[in-house]
**Q** 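Mind having a look at this structure? Questions to follow.
Quick note on labels: first sequence line is chain A, next is B, and so on, each numbered from 1. Only a predicted model underlies this, so the values are computations on that prediction, with no experimental measurement involved. No hydrogens, no waters, no symmetry mates; every other heavy atom, side chains included, goes into these values.
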Amino acid sequence: MHTPTWPQDGAKSTKPNKFTEEVINEKSQKKVKTPKAEIQQVSISSDALKEEMENFSTKKKSLKRKRVKDEPKDGSSHSVSPHLKRKTDESEEEAHERNSKKRIEKSVKKEEGDHPLPKKPKRTKEEREEAKLLKIQKKEEEEKNRWRWWEEEKYEDGVKWKSLEHNGPYFPPEYQPLPDDVHFYYDGKKMKLSAAAEEVALFFAQMLDHEYTTKKVFRENFFKDWRKEMSPEEKSVIKDLDKCDFSEIHAMHKARVEARKNLSKEEKQTLKEANQKIVEEFGYCLLDHHKERIGNFKIEPPGLFRGRGEHPKQGMLKKRIQPEEVIINCSKDARIPDPPPGHHWKEVRHDNTVTWLASWTENIQGAIKYIMLNANSKLKGEKDWEKYEIARKLKSCVDDIRDTYLRDLKSKEMVTRQRAVALYFIDKLALRAGNEKEEGETADTVGCCSLRVEHITLHEQLDGSKCVVEFDFLGKDSIRYYNKVPVISKVFKSLKRFMDNKEPGDELFDRLNTSLLNKHLSSLMPGLTAKVFRTYNASITLQQQLKELTNKSDNEAEKLLSYNRANRAVAILCNHQRAPPKTFEQSMANLQAKIDARKEQLALAKSELKQAKKEAKDKGSSDVKLQALVERKKAAVKRCEEQLLKMEVQATDREENKQIALGTSKLNYLDPRISVAWCKNMDVPIEKIYNKTQREKFAWAIDMTEADFEF
DNA sequence: GTCTCGACTTAGCACCTACAGT
DNA sequence: ACTGTAGGTGCTAAGTCGAGAC
């Protein structure tokens, strides 16, 4: 039988999982620094909590029993054939539903056009009701079909699944040669390219609008790889990229893009349906008899590699992957997916200690690429849950760990001191671990352990603070990290020591690497690594900020604003940046123009008010008409002021968010249970915080979290 | 210990679409 | 009804980290 594995219900569990124990411990040994609200919660914890947990697990059990009744665990509620096609009925239904809804909407629209007014309200109302009902039905259906894996017992260590069946990856379509009227020119002369060379030429031509086709490294890499695809004759002719004229190919590509945009509704619909079919066939697998969505079921198409930042390999040809290079992973008794006709797989294996369904080796970095499940799957969800539980565990011992590394700052051993300073950074600034990277293989980016002397500047005094460290380096994805941080003097002095007699290009922590650091961390707490600090600090920050910023009495908009602000605080901590949207300046200017216009309007309204007041005064307060006018003008001024304020807030909000990406932290660092509990406490519907995809990903948290959850 | 590889998470960008504001 | 924009989605690069070979 399954044992429900909720943290909250640990005392009841006959076989508490590894998460459960920790939570119990944590609840009983709250730290001194605990904020008020937390203490309150702890104080009720003993009896009341127990009772609550009892209720809770009974509730859950009855729920489960019911579900077991309508949906046998072995999946026999689905049709019988083991072939994956059987799983389509559900999505067909969905699609059908969606389609019929669309049709409904369409017909409504049409009628609106044909008979502008009379028929509209009645019909839409009916239709709307129907659509609404359908939606609710669908939701219920989905809820019923959801695999509540979080209520099941975990597998023994290392085992990821017992059965796995799928249709293999989807391969991108073969290359279609250029039409005869589209030409490539070399040195002004028309030249017909071989299919292989032409395909690669098209990759380049497609990118011509991009800035990076002008970069030297990109062009050189591209040209070198392109030449490898050429026939001997082509090679002997084409020797200089600057003499290549791709303009016709480029124009054709642009025309194609344009044509695709201008397709009729029907044609677009047809395309959509064709895509849907592919998704239905390749987008799902059967994992332990449950239908699960695959995250990336398509083999990556060939193209020109574009790394992030100043990548030394940018422009290289990313080759087309053949089935002969692909390894399939599925269970022994499963139907082995068919390779495309005339092809075979590199290997078929049955390894249930890994989560991937297919893999291949990519030719740029020699890295392995995987086909894996969607974020809403059991495999991903369970891991995610575990991640947050480890972070919560860190919460219970973070004070000790901080004491430890502060003490280590005084150590005689250089390694220990370096480790302590690195940990201080990782904890305080949420820096990444910073593995070493092979020089010349990737863009020059660093994390904590790989920081170099040139990346920090020490200031004894800066902006009124003492011991300020100025960071300036490129992190993951070549995103710049720039920060000025006051640090404790011991750290400051240590840094000075570390930098003694070093060149700018030398490693700051020359005795330290991530492996050493993580070994140390895992000795302090099982499962602890550098990245757990990021998760922990992100989640705890969200929780604190939410507590600080939101009041129950706020209205929904205010609550949501506070939530976003809390989210933003985390994003800033984790340095989650984005390129300002391309239209940002323009749209900001538009907004500013509106604000200016409104300001003028306000000034006008004010002067009119003044005028009205004056007139009213002159004529004496007895004039009712003038009094009314004054009131009206007053109202106008007020309205204007409000609108202006609203726009100004919007402007600041947008400006603040200009370079900050909220999504990454929401998706990867914030324990969803914090958000779910907050929603419950604040009476905010979860839909306001998480969209559909996010709700699916965090289904486990939404289902199991009560209002009293504490990270 | 050091290096390499494999498996997995985290990340930003480009596109597209739905929706809010006029 | 129109349009600009924010937000959703797909894509795949770029990290982290543990294990095992040497």
**Q** Can you tell me which nucleotide in dT10(B), dA13(C), dA11(B) comes closest to the side chain of Asp384(A)?
**A** dT10(B)
**Q** Calculate the interatomic distance between Leu670(A) atom CG and dT10(B) atom C1'; express it in whole Å.
**A** 13 Å
**Q** With a 4.0 Å heavy-atom cut-off, tell me which residues in residues 299-310 of chain A come close to DNA chain C, sorted by residue number.
**A** Glu300(A), Pro301(A), Phe305(A), Arg306(A), Gly307(A), Arg308(A)
**Q** Side-chain N or O of His311(A) less than 4.0 angstrom from OP1 or OP2 on dA14(C)?
**A** yes
**Q** Starting at the 5' end of DNA chain B and moving along, which residue's nearest nucleotide shows up first, Ile479(A) or Thr353(A)?
**A** Thr353(A)
**Q** Measure CD1/Ile371(A) against P/dT9(B) and give the value in whole Å, please.
**A** 15 Å
**Q** Need one value for Ala443(A): base, sugar-phosphate or nothing, where a base atom within 4.0 Å counts as base even if backbone is also close, heavy atoms only.
**A** nothing
**Q** Among all residues two or more places apart in sequence or in another chain, which pass the ring pair (Phe, Tyr, Trp, His ring centres under 6.0 Å) test with Phe222(A)?
**A** Phe204(A), Trp226(A)
**Q** Would you mind classifying the nucleic acid contact of Leu667(A) as base, sugar-phosphate or nothing, using non-hydrogen atoms under 4.0 angstrom?
**A** nothing
**Q** With sequence neighbours left out, what residues match His210(A) under ring pair (Phe, Tyr, Trp, His ring centres under 6.0 Å)?
**A** Tyr212(A)
**Q** Quick one: side chain to side chain donor-acceptor pair (under 3.5 Å) pairs with a partner in residues 660-672 of chain A, sequence neighbours left out?
**A** Arg534(A)-Tyr669(A), Asn567(A)-Ser665(A), Asp671(A)-Arg673(A)
**Q** Would you kindly give the CD1-to-C1' distance between Ile321(A) and dT12(C), to the nearest whole Å?
**A** 13 Å
**Q** Report the residue (Lys476(A) or Gly295(A)) whose heavy-atom-nearest nucleotide on DNA chain C is the more 5′ of the two.
**A** Gly295(A)
**Q** Have Asp209(A) and His250(A) got a donor and an acceptor in their side chains that come within less than 3.5 Å?
**A** yes
**Q** Nearest 0.5 angstrom please: Thr214(A) OG1 to Met207(A) CE, how far?
**A** 12.0 Å
**Q** If you look at every strand shown and take non-hydrogen atoms under 4.0 Å, does Lys160(A) touch a base, only sugar-phosphate, or nothing?
**A** sugar-phosphate
**Q** Distances for protein N/O vs nucleotides 17-21 of chain C N/O pairs under 3.5 angstrom?
**A**
unit_1, atom_1, unit_2, atom_2, d
dC17(C), OP1, Thr529(A), OG1, 2.6
dC17(C), OP1, Ala530(A), N, 3.3
dC17(C), OP1, Lys531(A), N, 2.8
dC17(C), OP2, Asn518(A), ND2, 3.0
dC17(C), O5', Asn518(A), ND2, 3.4

**Q** Run the ring pair (Phe, Tyr, Trp, His ring centres under 6.0 Å) test against Phe282(A) and tell me which residues pass, sequence neighbours left out.
**A** Tyr170(A)
**Q** Arg578(A) side chain N/O closer than 4.0 Å to the phosphate oxygens (OP1, OP2) of dA11(B)?
**A** no
**Q** Enumerate the salt bridge (charged side-chain N to carboxylate O under 4.0 Å, His left out) contacts for residues 508-519 of chain A, please, sequence neighbours excluded, ordered by first and then second residue.
**A** Lys502(A)-Asp510(A)
**Q** To the nearest angstrom, how far is Lys298(A) atom NZ from dT12(C) atom C1'?
**A** 13 Å
**Q** Hey, could you give me each pair passing ring pair (Phe, Tyr, Trp, His ring centres under 6.0 Å) that has a residue in residues 353-373 of chain A? Not counting sequence neighbours.
**A** Trp356(A)-Tyr370(A)
**Q** Quick check for you: among dT10(B), dC11(C), dC8(B), whose closest atom lies nearest to any side-chain atom of Asn668(A)?
**A** dT10(B)
**Q** Taking CG from Asn296(A) and C1' from dC11(C), how many angstroms apart are they, rounded to a whole number?
**A** 9 Å
**Q** Taking any heavy-atom pair under 4.0 Å as a contact, classify Gly663(A): base, sugar-phosphate, or nothing.
**A** nothing
**Q** Let me know which of Asn376(A), Asn691(A), Asn374(A) forms a side-chain hydrogen bond (donor to acceptor under 3.5 Å, both in side chains) with Glu696(A).
**A** Asn376(A)
**Q** State which residues pass ring pair (Phe, Tyr, Trp, His ring centres under 6.0 Å) with Tyr388(A); sequence neighbours excluded, sorted by chain then number.
**A** none
**Q** So, OP1 or OP2 of dA11(B): does either fall under 4.0 Å of a side-chain N or O from Arg534(A)?
**A** yes
**Q** Asn691(A) has an atom CG; how far is it from atom P of dT17(B), in whole Å?
**A** 17 Å
**Q** Which nucleotide wins on minimum distance to the side chain of Lys318(A), given the candidates dT10(B), dC8(B), dA13(C)?
**A** dA13(C)
**Q** I'd like to check the side chain to side chain donor-acceptor pair (under 3.5 Å) partners of Arg568(A); sequence neighbours left out, ordered by chain and number.
**A** Asp653(A), Glu656(A), Asn657(A)
**Q** Could you state the atom-to-atom distance from CD of Gln577(A) to C1' of dA11(B) in whole Å?
**A** 12 Å
**Q** Could you give the CE-to-C1' distance, from Met372(A) to dC11(C), as a whole number of Å?
**A** 15 Å
**Q** In residues 356-370 of chain A, which ones come under 4.0 Å of DNA chain C, going by heavy atoms?
**A** Gln365(A), Lys369(A)
**Q** Just N and O in the side chain of Thr355(A): are any of them under 4.0 Å from OP1 or OP2 of dC8(B)?
**A** yes
**Q** Please set out all donor-acceptor pairs under 3.5 angstrom arising from side-chain atoms of residues 432-441 of chain A, sequence neighbours excluded.
**A**
unit_1, atom_1, unit_2, atom_2, d
Asn435(A), OD1, Thr514(A), OG1, 2.5
Lys437(A), NZ, Thr442(A), OG1, 3.3
Lys437(A), NZ, Ala443(A), O, 3.0
Lys437(A), NZ, Thr445(A), OG1, 2.6
Glu441(A), OE1, Lys313(A), NZ, 2.9

**Q** Between Tyr482(A) and Phe471(A) (judged by ring centroids, cut-off 6.0 Å), do the two rings come close enough to count as a pair?
**A** no
**Q** Of Asn657(A) and Lys437(A), whose nearest nucleotide on DNA chain C comes first from the 5' end?
**A** Asn657(A)
